[in-house]
Visitor: 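My questions will all concern the structure given below.
Note that the structure is a prediction, hence the values are computed from the model and not measured. In this chain, numbering begins with 1 at the start of the sequence shown.
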Amino acid sequence: QVQLVESGGGLVQAGGSLRLSCAASGRTLSISTMGWFRQAPGKEREFVARISRTISNAYYADTVKGRFTISRDYAKNTVYLQMNNLKPEDTAVYYCAADPKIRVGPTVRDYDYWGQGTQVTVSS
């Protein structure tokens, strides 16, 4: 099993920045792909970004491309999401996800492991 714990959420004004962290523990060697999703009130959980162990490129949702950056520290088994130029519509609970597969789709069902989520609130 793999356990994921997110941190770094909070309240920020529009235009500000936050960095989310997700620390993995357990069978971390089994993880190839780590990603971030978010869920706003009344909406479905949506893909934000992902990064895979053997694929150098990261992938982003169009809504965050150019503003968010995903990175991974393999020594610390941690994935980060740097969020810049935040907008009120970025307000959501952000979830870390992980999966053994290298090529993973952008849907919830594509990931085996999930964290509990961290709240990000962007005020206008």
Visitor: Please determine whether the number of non-hydrogen atoms from other residues, nucleotides or ligands lying under 6.0 Å from atom NZ of K101 exceeds 12.
Guide: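 For K101, atom NZ is crowded (more than 12 foreign heavy atoms under 6.0 Å).
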Visitor: Working to the nearest 0.5 angstrom, can you tell me the gap between S52 OG and I102 CD1?
Guide: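 The CD1 atom of I102 is 7.5 Å from OG of S52, to the nearest 0.5 Å.
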Visitor: What pairs of residues pass the salt bridge (Lys or Arg N to Asp or Glu O under 4.0 Å) test when at least one of them lies in residues 106-124, not counting sequence neighbours?
Guide: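 Qualifying pairs: none.
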Visitor: Looking only at heavy atoms, what is the nearest atom pair of M34 and A24, with distance?
Guide: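 Shortest heavy-atom contact: CE-CB, 4.2 Å.
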Visitor: Could you tell me the separation between the SG atom of C96 and the CG atom of L81, rounded to the nearest 0.5 Å?
Guide: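 Reported to 0.5 Å precision, the distance equals 9.5 Å.
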Visitor: Of all residues at least two apart in sequence or in a different chain, which pass the side-chain hydrogen bond (donor to acceptor under 3.5 Å, both in side chains) check with T69?
Guide: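 side-chain hydrogen bond (donor to acceptor under 3.5 Å, both in side chains) check on T69 returns nothing, list empty.
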Visitor: Counting only pairs under 3.5 Å, give me each side-chain donor-acceptor contact of residues 114-124, with atom names and distances, residues two or more places apart or in other chains.
Guide:
{"unit_1": "W114", "atom_1": "NE1", "unit_2": "Y111", "atom_2": "O", "d": "3.3"}
{"unit_1": "T118", "atom_1": "OG1", "unit_2": "G9", "atom_2": "N", "d": "3.2"}
{"unit_1": "Q119", "atom_1": "NE2", "unit_2": "A92", "atom_2": "O", "d": "3.4"}
{"unit_1": "Q119", "atom_1": "NE2", "unit_2": "T121", "atom_2": "OG1", "d": "3.3"}

Visitor: Could you check if a side-chain atom of V104 sits within less than 4.5 angstrom of a side-chain atom of Y59, using non-hydrogen atoms only?
Guide: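 Result no, sub-4.5 Å side-chain heavy-atom pair not found.
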Visitor: Check whether T63 reaches the backbone of A61 with its side chain - one donor and one acceptor, N or O, closer than 3.5 Å.
Guide: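 Not at all, since once roles are kept as given, no pair shorter than 3.5 Å links the two residues.
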Visitor: Show, in sequence, the C-alpha distance, side-chain angles and deciding distance for Y74 and R53, and conclude whether the side chain to side chain contact (heavy atoms under 4.5 Å, CB included) test is met.
Guide: CA-CA 9 Å; Y74 293 93; R53 182 183 294 273; 3.7 Å; yes
Visitor: Has R38 got its NZ or CZ under 6.0 Å from the middle of the six-membered ring of Y95, at an angle within 45 degrees of the ring axis?
Guide: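 Ring-cation test returns no.
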Visitor: Is there a side-chain contact between Q39 and Y94 (heavy atoms, below 4.5 Å)?
Guide: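 Contact flag for Q39/Y94 side chains = no.
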Visitor: Any heavy-atom pair between the side chains of Y80 and D73 that's under 4.5 Å?
Guide: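 They are in side-chain contact.
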Visitor: Please enumerate all residues that pass side chain to side chain contact (heavy atoms under 4.5 Å, CB included) together with K65, with sequence neighbours excluded.
Guide: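 By the side chain to side chain contact (heavy atoms under 4.5 Å, CB included) rule, K65 matches Y60, D62.
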Visitor: Using side chain to side chain contact (heavy atoms under 4.5 Å, CB included), reason through D99 and I31 one step at a time and then give a plain yes or no.
Guide: CA-CA 5 Å; D99 195 85; I31 300 173; over 6 Å; no
Visitor: Is W36 reachable from V12 through a run of I, L, V, M, F, W or Y residues, each pair having side-chain heavy atoms under 4.5 Å apart?
Guide: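 Linked within one cluster.
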Visitor: Shortest non-hydrogen contact from G35 to I70?
Guide: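 For G35 and I70, the tightest heavy-atom pair comes out as CA-CD1, 4.2 Å.
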Visitor: Are the ring centres of F37 and F47 closer than 6.0 Å?
Guide: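 Yes, the ring of F37 comes within the 6.0 Å limit of the ring of F47, centre to centre.
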Visitor: Applying side chain to side chain contact (heavy atoms under 4.5 Å, CB included), can you list everything that pairs with R67, at least two apart in sequence or on another chain?
Guide: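 In terms of side chain to side chain contact (heavy atoms under 4.5 Å, CB included), with neighbours along the sequence ignored, R67 is linked to V64, N85, K87, D90.
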Visitor: For a quick test of your reading: what N or O donor-acceptor pairs under 3.5 Å do the side chains of residues 14-22 make, sequence neighbours left out?
Guide:
{"unit_1": "S17", "atom_1": "OG", "unit_2": "N84", "atom_2": "OD1", "d": "2.9"}

Visitor: Specify the closest pair of heavy atoms between T91 and A40, including all atoms of both residues, with the distance to one decimal.
Guide: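 Of all heavy-atom pairs spanning T91 and A40, the closest is O-CB, 3.7 Å.
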Visitor: Would you give the length of the straight line joining atom OG1 of T28 to atom CD of Q3, rounded to the nearest 0.5 angstrom?
Guide: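 Going from the OG1 atom of T28 to the CD atom of Q3 covers 10.0 Å.
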